[in-house]
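The structure under discussion appears below in the form of structure tokens.
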Protein chains: 2
Amino acid sequence: MSENLEELASRYRDILRQAVYLVRSIDAEGELSTGQVSTLNMISAQPMRVSAIARYAGIRVPSSTEQVIKLEAAGLVERITDESDARAVLVRITATGRKKLGEANKRRNANMAAALGTLSAGEQLAVANAIPAIAKLNAALKS
Amino acid sequence: MSENLEELASRYRDILRQAVYLVRSIDAEGELSTGQVSTLNMISAQPMRVSAIARYAGIRVPSSTEQVIKLEAAGLVERITDESDARAVLVRITATGRKKLGEANKRRNANMAAALGTLSAGEQLAVANAIPAIAKLNAALKS
DNA sequence: ACTCATAGTTAGACAGCCTAACAATAGGCT
DNA sequence: AGCCTATTGTTAGGCTGTCTAACTATGAGT
């Protein structure tokens, strides 16, 4: 059984490595980078701290700061001070940011949907069924 | 149905984005980068051309050349000329490269297996069942 | 009030990818 | 044979996104 798990791990690692390039390919066109879309998606529900963004994205705080600076320069987010902690910075999406995010998501989803459309119904189902498990797996490595 | 596909695309994009960071986390320790391990895995069965490595990895030829140069400097691969085509360069893994690759794969698979071990048997099965579909999806975007 | 911890920024470096331009070889066509 | 176009790979130069280290400012406990 442990042997099966190692085997599964190996195969899963292999397709994941390739999937990274799939993401790049999907995100290639458009003005926003993968990371920018990711950040905007995170804060679309409510403002988040720079450190929270970093933690969720799996990057260090300085890298997160840099991303936020670029998004702010582009007018897509704004910094607001956390009233309960003067050290913290809350990053909030702007109306423009929300608009651009919607466009970017739409375009990227269409690209991905087109790729998914080349799969058989059974294959699509297999992907759909695996999503919760993959999400759990991602969370497991977030420690 | 097209609506379902967009929905699936959105959810799949979401977990894939996070999976990118999972791969980084898995590969963090050790001397070899993700790309280096990937390249070594590719050529472990038989030598490959620089262009074939690039195509499979989803990167451009100059980037592939660069990777090969680094691997060669580290003594992990060697360039040999293709006897049937003097333009081509075959990249072959060395004994040292094979040894390092084995160690890296072992460590990474163990990390991934540990994460997979936190899933239920059903979830593990769902992941396993999705792998062929995901592989096909990756290939679909390779055009 | 002092001290240590936490939040974020700045500075400097590095890996990995890209495009453009180039050299060498292959292969087809006249 | 000779030429022309396509293919293979390298080199040069630039950009993005990440990192660590060092710093500032604020919070929190003693």
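Just the heavy atoms: all of them, side chains too, but no hydrogens, waters or symmetry mates, feed the values below. So you know, we letter chains A, B, ... as the sequences are listed, proteins then strands, and number each from 1. Worth saying up front: this structure is predicted, and the values here are computed from it rather than measured.
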Would you tabulate the pairs of protein nitrogen or oxygen atoms and nucleotide nitrogen or oxygen atoms of nucleotides 12-17 of chain C closer than 3.5 angstrom?
residue, atom, partner, partner atom, Å
dG16(C), OP1, S33(B), OG, 3.0
dC17(C), OP1, Y21(A), OH, 3.1
dC17(C), OP2, Q67(B), NE2, 3.0
dC17(C), N4, E66(B), OE1, 3.4
dC17(C), N4, E66(B), OE2, 3.3

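- Contact check, R79(B) against dT10(D): a side-chain N or O comes under 4.0 Å of OP1 or OP2.
- You'll find that the side chain of P62(A) is closest to dT20(D), out of dT11(D), dT20(D), dT26(D).
- The existence of a salt bridge linking R17(A) and D14(A) is confirmed by a sub-4.0 Å separation between a basic side-chain nitrogen and an acidic carboxylate oxygen.
- When only modelled atom types and interatomic distance are considered, N129(A) and N129(B) share no side-chain donor-acceptor pair under 3.5 Å.
- OP1 or OP2 of dT8(D) has not a single side-chain nitrogen or oxygen of S51(B) nearer than 4.0 Å.
- Here D85(A) pairs with R49(A), R87(A) under the salt bridge (charged side-chain N to carboxylate O under 4.0 Å, His left out) rule; sequence neighbours left out.
- Side-chain contact between V50(A) and R79(A) is absent, with no heavy atoms from C-beta onward closer than 4.5 Å.
- Among the atoms of the strands shown, only primed sugar atoms or phosphate atoms (P, OP1, OP2) are found under 4.0 Å from some heavy atom of D85(B).
- Using a distance-only test at 3.5 Å, with no hydrogens or angles considered, a donor-acceptor pair links the side chain of N138(A) to the main chain of I15(B).
- Checked by atom type, the side-chain pair T39(A)/Q67(A) shows a donor-acceptor distance below 3.5 Å.
- Residue V50(A) is in sugar-phosphate contact alone, with no base atom involved, counting any heavy-atom pair closer than 4.0 Å across all strands shown.
- Between V89(B) and T81(B), the closest side-chain pair of non-hydrogen atoms is not below 4.5 Å.
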Protein-nucleotides 2-7 of chain D N/O pairs closer than 3.5 Å?
residue, atom, partner, partner atom, Å
dT7(D), O2, R87(B), NH1, 2.7

